[in-house]
Number of protein chains: 2
Amino acid sequence: MDRGEQQLIDLVNAWAKYSEATPDADVAGFCLHYLTETAQPAVLNQHSPVASPDGLYDEKWVESLTGTANRSLTEIRPSSRLAALVGRLSKYGYFYSKKAMFPLNFKSIEEPVYLIVLAQMGTPKKSELIYEMMVEFASGIDVVNRLVGMGYIEEFPDENDRRSKRLRITEAGLTILQECFPVMNRVADVAYSSLTEGEKALLIQILDKLDRYHAEHYKLSKNAGFDEVYDRMVT
Amino acid sequence: MDRGEQQLIDLVNAWAKYSEATPDADVAGFCLHYLTETAQPAVLNQHSPVASPDGLYDEKWVESLTGTANRSLTEIRPSSRLAALVGRLSKYGYFYSKKAMFPLNFKSIEEPVYLIVLAQMGTPKKSELIYEMMVEFASGIDVVNRLVGMGYIEEFPDENDRRSKRLRITEAGLTILQECFPVMNRVADVAYSSLTEGEKALLIQILDKLDRYHAEHYKLSKNAGFDEVYDRMVT
């Protein structure tokens with residue numbers, strides 16, 4: 001039997017197993033299932049160079065963090081590699097967003113995102129908005145104060161709790177948001193338009209699952225120490 | 001012909017086309033190719049609810065940014081959805097890293113990453129290290145000064161340029177790094193271990209491609225305005 005024949009037999013056998021277990025089996029669903037459930041990293045990385053597997057651990061970390069990796073993905077733990085990649089990509093997004101937001105007098109995309117989240121929340125307490133933004137309180141307060149100063153957010157006393165203040169978006173805030181949306185889309189295009197539509201769809205599918213997982217655990221983890229978080233989330 | 005038969009014929013035809021063009025065709029490579037080059041988002045999102053396609057644009061943005069989306073991915077532009085997801089995931093990572101780094105007296109994972117990058121660069125100028133970290137100069141200086149204060153980095157005069165200072169990691173810096181590596185891996189596990197190995201491999205494959213693309217454009221974009229960046233990177 002030649003190699004291509006064997007591969008075709010493997011393919012059809014995998015399909016048979018999948019379609020037996022899946023009522024509305026289709027080709028795209030099969031491919032996704034095969035890759036995410038069956039395939040191992042080594043299979044996917046077949047085109048990457050493979051360096052000596054021992055002793056280079058820290059060095060690989062260094063490379064992956066600084067973008068100079070020779071891309072031999074097998075030596076570094078996949079979760080650590082992912083953490084480094086997501087961190088770097090979010091920095092690129094921030095870098096481009098700063099440039100894009102400059103004409104609108106925003107420091108970065110973070111500020112219009114505060115407005116969007118506030119618009120959705122309605123009239124939250126300051127602390128509630130900052131909690132939702134997942135930032136440290138001190139830096140959250142800085143952004144809120146800046147947006148108040150720009151006239152996009154207003155503070156008002158809480159009727160039920162005189163010591164507390166609530167926030168709401170102003171008319172000017174809603175207006176500037178309408179200007180921001182197309183700019184934010186342009187930043188997203190710079191960051192992600194080099195991917196194919198299929199790649200984007202795959203990424204969204206996996207990252208969305210991850211986002212839901214973390215949204216659920218974030219509230220539980222808010223006041224917990226790291227060991228408690230680790231024990232709950234890593235099995 | 002029944003539905004399953006038609007799907008199997010589609011699968012084998014797609015395989016035939018792929019294996020003809022690909023010398024070492026295998027099943028995993030085929031699946032990845034099919035999803036990233038052939039499949040459309042609508043196909044992959046078949047299980048997502050589909051809301052009314054018009055008028056909800058901004059609201060979908062809001063939802064996607066605050067994690068309360070009903071996950072109907074078809075209405076929001078994929079690039080924008082990705083930007084929001086990557087931003088949120090990096091915030092979760094930062095949140096967990098702060099907790100994990102607390103016993104080591106670091107504010108977040110950012111500080112040991114400075115040490116790692118510095119260890120790799122050798123004896124860079126301050127500005128070179130901060131450039132590599134992709135942060136604003138003022139916040140980069142704060143981190144460097146803090147690490148100098150902790151004894152993990154030392155400054156020394158540049159032999160060729162007396163006005164300038166260079167940095168290098170200290171013995172204490174190298175020692176603390178050895179303590180940091182396992183902690184950083186634990187943070188990565190909290191962030192990504194809920195994915196399957198196949199999902200991680202897929203993510204790495206796509207994000208790595210994106211990272212290389214941005215590493216290449218970052219240098220060109222450093223001093224450019226956003227419109228210039230957009231015109232060069234989005235076609």
Side-chain angles (χ1 to χ4, degrees), chain A residues 4 7 10-11 15 19 26-28 31 34-36 39 41 43-44 62 65-67 78-83 85-93 99-100 116-117 120 134 185-186 188-194 196 198-207 211 213-215 226 230 233-234, chain B residues 4 7 10-11 15 19 26-28 31 34-36 39 41 43-44 62 65-67 78-83 85-93 99-100 116-117 120 134 185-186 188-194 196 198-207 211 213-215 226 230 233-234:
Chain A
Q7 293 292 328
D10 290 348
L11 177 72
W15 166 266
S19 72
D26 66 10
V27 179
C31 289
Y34 187 88
L35 288 172
T36 57
V43 176
L44 294 174
V62 171
L65 284 160
T66 57
S79 291
S80 301
R81 179 101 184 94
L82 272 178
L85 282 168
V86 168
R88 286 175 59 80
L89 290 171
S90 93
K91 280 189 173 186
Y92 285 123
K99 289 183 187 294
I116 294 171
V117 173
Q120 191 201 32
M134 295 192 279
N185 280 337
R186 280 161 62 89
D189 284 341
V190 164
Y192 296 101
S193 71
S194 69
T196 67
E199 286 169 334
K200 286 182 213 169
L202 262 180
L203 274 187
I204 288 172
Q205 176 129 347
I206 300 172
L207 295 183
D211 183 44
Y213 171 79
H214 282 297
F226 184 73
Y230 183 86
M233 294 176 72
V234 182
Chain B
Q7 294 291 328
D10 290 349
L11 177 73
W15 167 265
S19 71
D26 66 10
V27 179
C31 288
Y34 186 88
L35 288 173
T36 57
V43 175
L44 293 175
V62 171
L65 285 160
T66 55
S79 291
S80 302
R81 179 104 183 90
L82 271 177
L85 281 168
V86 169
R88 286 174 59 81
L89 289 170
S90 91
K91 281 191 173 185
Y92 284 123
K99 287 183 187 295
I116 294 173
V117 174
Q120 190 198 35
M134 296 192 277
N185 280 338
R186 280 161 60 90
D189 285 340
V190 165
Y192 296 102
S193 71
S194 68
T196 67
E199 285 169 335
K200 286 182 213 168
L202 263 181
L203 273 186
I204 288 172
Q205 176 128 347
I206 301 172
L207 296 183
D211 183 43
Y213 171 80
H214 283 296
F226 184 72
Y230 184 86
M233 294 176 72
V234 183

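A note on names: the letters A, B, ... follow the listed sequences, proteins ahead of strands, and every chain is numbered from 1. From a predicted model like this one, the values you see are computed outputs, not experimental measurements.
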Between A/Val234, A/Asp189, A/Thr196, which residue shows the highest count of heavy-atom pairs closer than 4.5 Å to chain B?
A/Asp189
For each of A/Leu207, A/Val86, A/Leu82, tally heavy-atom pairs with chain B at distances under 4.5 Å, and name the one with the top tally.
A/Leu82
Run the side chain to side chain contact (heavy atoms under 4.5 Å, CB included) check on A/Lys200 and B/Ser79 step by step: do they pass?
CA-CA 7 Å; A/Lys200 286 182 213 169; B/Ser79 291; 3.4 Å; yes
Contact origin within B/Tyr213 toward chain A - heavy atom pairs under 4.5 Å
side chain
Turns out that what part of B/Ser19 lies under 4.5 Å from chain A's heavy atoms comes down to neither
Contact check, side chains of B/His214 and A/Arg88, non-hydrogen atoms, under 4.5 Å:
no
Test item: B/Val190 and B/Arg186 side chains (from C-beta on) under 4.5 Å apart, heavy atoms
no
Chain A shares the most heavy-atom pairs under 4.5 Å, among B/Gly4, B/Gly87, B/Ala191, with B/Ala191
Passes side chain to side chain contact (heavy atoms under 4.5 Å, CB included), B/Tyr92 versus A/Asp211? Steps please.
CA-CA 9 Å; B/Tyr92 284 123; A/Asp211 183 44; 3.5 Å; yes
Ignoring hydrogens, what is the shortest heavy-atom contact between B/Asp26 and B/Trp15? Give both atom names and the distance.
O-CZ3, 3.7 Å
